[in-house]
Amino acid sequence: MEKYNPQIIEKKWQKFWQENKTNFCDFDDETKKKFYNLVMFFYPSGAKIHIGHGYNYTGSDVYGRYKRLKGFNVFEPMGYDAFGLPAENYAIKTGQHPSLTTRANIDFGRIQLKKLGLMYDWEKEIDTSSPEYYKWTQWLFRVLYQAGLAYRKEAPVNWCPSCKTVLANEQVIAGKCERCETEVVQKKLKQWFFKITDYADKLLAGHEKLNWPEKTILMQKNWIGRSEGAEVKFFVIPTEMSEANGVEESLKQATDERSRDFARDDNKLSVFTTRPDTLFGATFMVVAPEHALITNHQSLITNFDEVKKYIEESKNKSDLERTDLNKEKTGIELKGIKAINPVNGKEIPIFVADYVLSNYGTGAIMAVPAHDERDFEFAKKYGLEIIEVVKDVQKHKSTESTRAQKTQACFEGEGVAINSDEFDGLTTAEFKEKIIHWLEEKGLGRKAVNYKLRDWLISRQRYWGAPIPIIYCDNCGEVLVEEKDLPVKLPELENFKPTDDGESPLARSKEFVNVKCPKCGAAAKHCTETMDTFVCSSWYYLRFLNPDLADKPFDKEIIKKWLPVDQYCGGAEHACMHLLYARFITKVLFDQGYINFDEPFLKLNHQGMILAADGGKMSKSKGNVVIPDDYVKKYGADVFRLYVLFLAPFEQGGSWSDQGIVGVKRFLEKVWNLQEKLKSQNSKVKTESQNSKFLVLLNQTIKKVGEDIENFHFNTAISALMILLNEFEKQKEVSIIHYTLYIILLSPFAPHIAEELWSRLGHNKSIFFEKWPEYDSALIQADEFELVVQVNGKVRDKIIVPADISESEATKTAMNLDNVKKWLADKEQKKIIYVKNKLVNIVL
RNA sequence: GCCGAGAUGGCGGAAUUGGUAGACGCACAAGACUUAAAAUCUUGCAGUGGUAACACUAUGAGGGUUCGAUUCCCUCUCUCGGCACCA
């Protein structure tokens with residue numbers, strides 16, 4: 001018999017699949033249940049398909065092939081997320097136009113993917129950078145705009161004063177431009193946002209429906225960061241006013257003056273707090289450097305120069321730096337103005353400090369140093385008053401709790417109110433409810449919900465993206481491009497590098513920019529920004545079902561039948577961004593009546609990361625990047641597929657090893673050689689009952705492999721297949737029936753060799769038209785088992801006993817073992833623990 | 001810093017409604033085959049002691065609950081993913 005030669009058989013079967021359209025998915029097939037098996041599509045940035053893709057796609061493909069054998073009509077598509085910064089950078093680096101490099105990368109990627117033997121339906125390919133696709137990304141922008149969910153406001157961007165370009169966060173290394181190492185500054189630009197915050201509660205509620213990893217849902221929940229509390233308004237008064245008239249009088253005056261106009265905020269400082277019960281402990285206030293209060297009160301602030309300098313300095317710090325608890329907090333008092341604590345009329349100082357962020361809550365806080373660690377630190381540094389208002393009533397009996405000691409000076413937990421006038425003695429929960437009521441009555445505050453989630457900034461001052469379909473007209477303002485005028489085509493620019501005034505490269509094309517207003521016909525300017533690539537990828541799963549539709553984004557009937565996605569597979573790093581954006585867009589399309597479901601991905605699985613052999617990350621600079629092609633060439637795709645899935649639990653990932661891969665190579669060679677042991681059709685089939693141990697293992701393996709694939713536990717499924725193979729090897733002859741079952745079990749993992757062995761049994765059709773085997777539940781239980789005998793919880797002996805042994809019989813047998821008697825001696829037995837089918841534990 | 005996950009032999013890993021720690025594979029060692037090597041096959045393989053039977057130790061560190069803890073609880077250390085313009 002010839003040797004196993006993957007190079008020949010893999011080419012043969014890949015050709016066969018293509019010619020016979022084996023993987024074509026007929027959406028109208030009514031005979032089977034649909035199964036939409038989606039994997040995060042490929043980003044053709046210039047880096048080739050690497051091990052990470054190979055890992056992700058193989059795992060998902062094994063699952064898809066298994067589902068197909070289980071009788072589903074499986075749809076498994078692949079496409080290209082082709083817009084974005086890395087693709088643009090690659091083009092700049094190679095000096096070619098991104099449309100050319102992207103096309104080349106896609107073509108190469110497709111060849112690489114086909115070599116891995118993935119079950120993709122190549123007739124449904126999509127490319128987000130094609131006008132046929134981004135026409136509908138622009139259509140999506142229209143949907144959001146018309147629903148009042150797209151708006152423009154000022155927001156800061158990273159700006160390199162030397163390169164005169166906007167930089168992505170990735171291009172800023174330690175506060176400096178990655179190219180010229182100039183200090184990066186923040187520059188404000190008017191930019192487009194999607195109002196994802198309007199959907200915060202819907203996004204939270206939707207989690208109930210999802211069969212997703214717990215941790216992913218938890219991360220999204222924390223990212224959305226819903227918290228309940230109160231909005232409280234503090235009056236701001238000039239210090240001289242309180243000095244002249246006294247606090248009470250000036251407060252009264254201020255209240256009288258403003259009472260008719262509560263909404264006017266310029267003389268009030270509004271804060272959000274989850275702990276309104278600590279209001280009596282608020283001894284100072286802090287505003288973010290960006291807060292409007294500062295500019296509004298510029299004339300009153302006596303140390304404005306100093307304040308201005310501080311604001312300038314904080315501009316260049318990232319949120320991460322600003323909120324780092326380990327860094328010493330800085331701040332400046334706003335001299336000349338004071339705030340009045342609404343609950344007790346006390347006059348308290350106002351600071352500006354960058355540990356308060358402008359984009360969370362109201363951009364200002366009431367500081368309660370006795371009960372918040374950050375405020376506590378700040379108060380100690382600047383010598384501010386600390387008033388304890390919550391007593392810890394929980395008995396901390398453990399003396400070793402270092403946390404309790406650490407927070408002794410600053411108790412952040414819940415307890416009972418003290419130093420809070422008539423509220424003393426209330427529990428935190430009671431106090432919260434009462435004080436909110438009190439504040440509402442006095443018009444000083446109200447119940448409020450706050451979210452960490454921020455609106456989605458979609459503007460990019462970049463060339464390689466979908467242009468935002470908006471025209472600015474002097475007469476009409478923002479005008480949405482009509483649907484009939486879509487797509488707004490990306491102009492073929494020769495120079496697509498960012499311009500030196502912060503505008504998008506699209507501003508270079510006069511033809512693109514100078515347009516007529518669709519409403520009034522006057523000369524107008526086209527928006528030159530492109531959309532965040534996440535917008536393209538937020539709806540791609542819809543387009544796969546109708547990649548060629550020219551007059552609409554998707555076909556309602558097919559959508560109805562095929563969505564939502566049944567299984568989605570991709571990296572956990574997408575938990576808070578792509579996965580949240582796709583859910584948001586889906587909910588918007590649902591609310592606007594375009595689709596009939598409001599969650600895109602019912603079930604989700606993540607793959608881990610494949611690390612280099614030394615356990616470190618793979619990187620180009622280290623030269624340790626593993627490219628699947630090299631291994632496919634050397635060992636074949638089946639070996640590659642098996643090895644990536646065998647080396648670690650799928651959701652965890654692990655390190656690649658050039659040595660380890662030979663193990664699965666040997667495994668497939670053994671499977672191949674099994675052909676020689678096949679019983680000839682004529683030989684008398686011996687009764688299988690003689691071999692009952694083998695039959696038990698066979699049935700156990702069918703059960704385990706199926707269940708493991710269902711749970712994405714591919715490594716243990718492969719291990720079970722290896723164990724069964726080792727048993728086949730011990731046999732003189734292998735029954736064709738068992739062999740047939742085995743090939744089917746192996747086929748999702750190693751489709752090429754399975755097809756070849758299958759056809760050698762005389763079959764004409766692909767093995768993937770077969771049925772996944774059922775196991776015989778009567779045959780998965782062996783008739784004897786190994787009983788573990790413990791004394792005081794330590795294993796002292798093991799014996800083989802019949803499966804139906806009684807407790808008393810088992811105990812009696814166990815106690816009579818020499819090695820057990822030795823330990824029992826003449827000691828008294830306190831109790832005996834018996835675990836059925838497992839163990840006996842004698843406790844002395 | 002904040003949010004999330006993880007740590008088991010020389011290596012990748014297995015085992016969790018609390019019940020035999022180390023399945024399966026790699027590496028390594030010995031043997032068979034061979035003129036020889038490779039490949040293949042057989043056997044061994046957590047550590048310490050012992051010819052062995054067996055005993056003790058061991059799942060990042062320390063403590064706790066339990067007849068029994070890799071699994072549950074507390075504290076700590078380290079590693080990884082995300083932190084909103086990489087996608």
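Each chain gets a letter, A, B and so on, in the order its sequence line appears, and its residues count up from 1. Keep in mind that what you see is a predicted model, and the values were worked out from it rather than measured.
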Over all atoms of both residues, closest heavy-atom pair of [X] and [Y]:
X        : Y        : value
A:Thr216 : A:Leu604 : CG2-CD2, 4.0 Å
A:Asn841 : A:Asn792 : OD1-N, 3.4 Å
A:Tyr55  : A:Leu645 : CE1-CD2, 4.3 Å

In this structure, how many angstroms lie between the [atom2] atom of [N] and the [atom1] atom of [X], rounded?
X        : N     : atom1 : atom2 : result
A:Lys221 : B:G82 : NZ    : P     : 23 Å
A:Phe83  : B:C86 : CZ    : P     : 18 Å
A:Lys838 : B:C67 : NZ    : P     : 20 Å
A:Gln652 : B:A7  : CD    : C1'   : 9 Å
A:Gln607 : B:C80 : CD    : P     : 19 Å
A:Leu611 : B:C11 : CG    : C1'   : 14 Å
A:Phe646 : B:G13 : CZ    : C1'   : 8 Å
A:Glu669 : B:C41 : CD    : C1'   : 14 Å

Any side-chain N or O of [X] less than 4.0 Å from the OP1 or OP2 oxygen of [N]?
X        : N     : result
A:Lys831 : B:G68 : no
A:Ser719 : B:A14 : no
A:Asn726 : B:G25 : yes
A:Arg666 : B:A39 : no
A:Asn222 : B:C2  : no
A:Arg796 : B:C56 : yes

Can you say whether a donor on the side chain of [X] sits under 3.5 Å from an acceptor on the base of [N], or the other way round?
X        : N     : result
A:Gln790 : B:U20 : no
A:Gln461 : B:C85 : yes
A:Asn792 : B:C67 : no
A:Glu573 : B:C80 : no

| field | Member of A:Gln191, A:Gln186, A:Arg460 meeting the side chain to side chain contact (heavy atoms under 4.5 Å, CB included) criterion with A:Val157 | value |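 Only one of A:Gln191, A:Gln186, A:Arg460 forms a side chain to side chain contact (heavy atoms under 4.5 Å, CB included) with A:Val157, namely A:Gln191.
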Classify the side-chain pair A:Asn605/A:Trp212 by whether it contains a donor and acceptor separated by less than 3.5 Å.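 No.
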Is there a Watson-Crick or G-U wobble partner for [N] with both distances under 3.5 Å, and which nucleotide is it?
N     : result
B:A61 : B:U75
B:A39 : none
B:C80 : B:G4

Applying a 4.0 Å non-hydrogen cut-off, can you work out what [X] is touching in the nucleic acid: base, sugar-phosphate, or nothing?
X        : value
A:Leu844 : nothing
A:Val835 : base
A:Ser459 : base
A:Ser657 : nothing
A:Met577 : base
A:Glu178 : nothing
A:Met609 : sugar-phosphate
A:Gly225 : nothing
A:Trp456 : nothing
A:Lys617 : sugar-phosphate
A:Phe534 : base
A:Trp823 : sugar-phosphate
A:Leu647 : sugar-phosphate
A:Val157 : base

What do you reckon, is CD of A:Glu214 surrounded by more than 12 foreign heavy atoms closer than 6.0 Å?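 It does not: A:Glu214 CD has 12 such atoms or fewer within range.
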* side chain to side chain donor-acceptor pair (under 3.5 Å) against A:Glu290, all qualifying residues, sequence neighbours excluded ->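 Partners of A:Glu290 by the side chain to side chain donor-acceptor pair (under 3.5 Å) criterion, ordered by chain and then number, come out as A:Arg322.
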Taking the six-membered ring of A:Phe728, is the NZ or CZ of A:Lys677 close enough (under 6.0 Å from the centre) and on axis enough (within 45°)?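 Because its charged atom misses either the 6.0 Å distance or the 45° angle limit, A:Lys677 does not stack over A:Phe728.
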